[in-house]
Colleague: 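Below is a structure I'd like to ask you about.
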Amino acid sequence: MQAESLIYTTLITTSVFLSMQDIKHKKVNLSLVLLFLGICVYYGQKSDVSPCFIPALIFIFLGSLYYLIKKASCFGMADYLIIFGVSFILPPDTWQYFLISCGFIGCILGWIYKKDKRFPFVPAILLSFFIVEYFIRL
C-alpha cells in the first residue's frame, strides 16, 4: 500500500510539472515525460489491469490523418507518449470516458488559447487521466 501511494504521489507531481511546462513554454522536458511513462509501465505491470493500446493508436491515426490533410502536426510527441503511458493504467472499459473528457478539456483549453496557433494539450490529457482514474474507476 505504501508503494502504491508513492507511485501515485510521483505520478501527480510529475503531471503537475508537465502541465506547468506545457502551459508556460508550449513544450515539455523529455526526461519528465519518460519518467511519467516509466512509472505508468511499472504500475501497469504490478496491477491486474490489462493494457489497452487502441486509444493510443486512435490518437496516432488522427494525428497522422491531420498531418496528411493540413501538413502540420496537431499533437506533440509528449502527447503521444503520455497517452501511451496512460494506456498501461486505465482499463479498456474506461477509455470512452477518458477520450470524451480529453476532448472536452481540450476544447476549453483551445478556447482559452484561441489567439495562439498552438495550445497545451498535456494538461487536458493528464487531468482527464486523473478524473477517470479517481472518479470513474471507483
Colleague: State plainly whether one hydrophobic cluster holds both Phe84 and Met77, where clusters connect Ile, Leu, Val, Met, Phe, Trp and Tyr through side-chain heavy atoms under 4.5 angstrom apart.
Modeller: yes
Colleague: Are the side chains of Tyr43 and Glu4 in contact, using a 4.5 Å heavy-atom criterion?
Modeller: yes
Colleague: Is it the case that over 12 heavy atoms from other parts of the model lie below 6.0 angstrom from the CZ atom of Phe130?
Modeller: yes
Colleague: Identify whether Tyr42 and Val33 are in the same connected component of the hydrophobic contact network (ILVMFWY, side-chain heavy atoms under 4.5 Å).
Modeller: yes
Colleague: Provide the closest heavy-atom pair for Arg118 versus Lys26 in the form atom of the first, atom of the second, distance.
Modeller: NH2-O, 2.8 Å
Colleague: What about Phe135 and Trp95, same hydrophobic cluster or not, with Ile/Leu/Val/Met/Phe/Trp/Tyr joined at side-chain heavy-atom distances under 4.5 Å?
Modeller: yes
Colleague: Find the distance between CZ (Phe59) and SG (Cys102) and round it off to the nearest 0.5 Å.
Modeller: 4.5 Å
Colleague: Quick check on the hydrophobic clustering: are Leu68 and Ile60 connected, directly or via other members, by side-chain heavy-atom contacts under 4.5 Å?
Modeller: no
Colleague: Would a single hydrophobic cluster contain both Leu30 and Phe17, if residues Ile, Leu, Val, Met, Phe, Trp and Tyr are joined by side-chain heavy-atom contacts under 4.5 Å?
Modeller: yes
Colleague: Within the 4.5 Å heavy-atom criterion, are Leu109 and Tyr113 side-chain neighbours or not?
Modeller: yes
Colleague: Working to the nearest 0.5 angstrom, can you tell me the gap between Leu99 CG and Phe104 CZ?
Modeller: 15.5 Å
Colleague: Can you name the closest pair of heavy atoms from Asp93 and Tyr97 and give their distance?
Modeller: O-CE1, 4.0 Å
Colleague: Do the two ring centres, one from Phe53 and one from Phe88, sit under 6.0 Å apart?
Modeller: yes
Colleague: Looking only at heavy atoms, which two atoms of Pro123 and Ser19 are closest? And how far apart?
Modeller: CA-OG, 3.6 Å
Colleague: Is Thr94 reaching over with its side chain to a backbone N or O of Leu90, donor-acceptor style, under 3.5 angstrom?
Modeller: no
Colleague: Drop me the distance from Leu32's CG to Leu81's CG, to the nearest 0.5 angstrom.
Modeller: 12.5 Å
Colleague: Is Ser101 reaching over with its side chain to a backbone N or O of Phe98, donor-acceptor style, under 3.5 angstrom?
Modeller: yes
Colleague: How about OH on Tyr80, more than 12 heavy atoms from neighbouring residues, nucleotides or ligands closer than 6.0 Å, or not?
Modeller: yes
Colleague: Which pair of heavy atoms, one from Ala56 and one from Ile83, lies closest together, and at what distance?
Modeller: CA-CG2, 3.8 Å
Colleague: Hey, could you give me the CD1/CD1 distance between Ile105 and Ile100, rounded to the nearest 0.5 Å?
Modeller: 12.0 Å
Colleague: Please answer whether the main-chain N or O of Asn29 pairs with a side-chain N or O of Gln21 as donor and acceptor at a distance below 3.5 Å.
Modeller: yes
Colleague: Any side-chain to backbone donor/acceptor pair from Asp22 onto Phe121? Under 3.5 Å, distance only.
Modeller: yes
Colleague: Using a 4.5 Å cut-off on heavy atoms from C-beta on, say whether the side chain of Pro91 contacts that of Ser50.
Modeller: no
Colleague: Kindly check if the number of other-residue, nucleotide or ligand heavy atoms within 6.0 Å of CD1 (Ile54) is above 12?
Modeller: no
Colleague: Stepwise, does the side chain to side chain contact (heavy atoms under 4.5 Å, CB included) test hold for Phe129 with Ile89?
Modeller: CA-CA 9 Å; Phe129 165 65; Ile89 296 177; 3.9 Å; yes
Colleague: Working to the nearest 0.5 Å, report the span between CD of Gln2 and CD1 of Ile7.
Modeller: 11.5 Å
Colleague: My understanding is that only one of Val41, Thr10, Leu18 makes a side-chain contact (heavy atoms from CB on, under 4.5 Å) with Phe36; could you say which?
Modeller: Leu18
Colleague: Atom OG1 of Thr14 and atom CD1 of Ile82: how far apart are they, to the nearest 0.5 Å?
Modeller: 10.0 Å
Colleague: Does Lys71 reach the side chain of Tyr66, with side-chain heavy atoms less than 4.5 Å apart?
Modeller: no
Colleague: Step by step, work out the ring-ring contact (aromatic ring centres under 6.0 Å, His included) result for Tyr134 and Tyr8.
Modeller: CA-CA 11 Å; Tyr134 290 111; Tyr8 277 130; 5.6 Å; yes
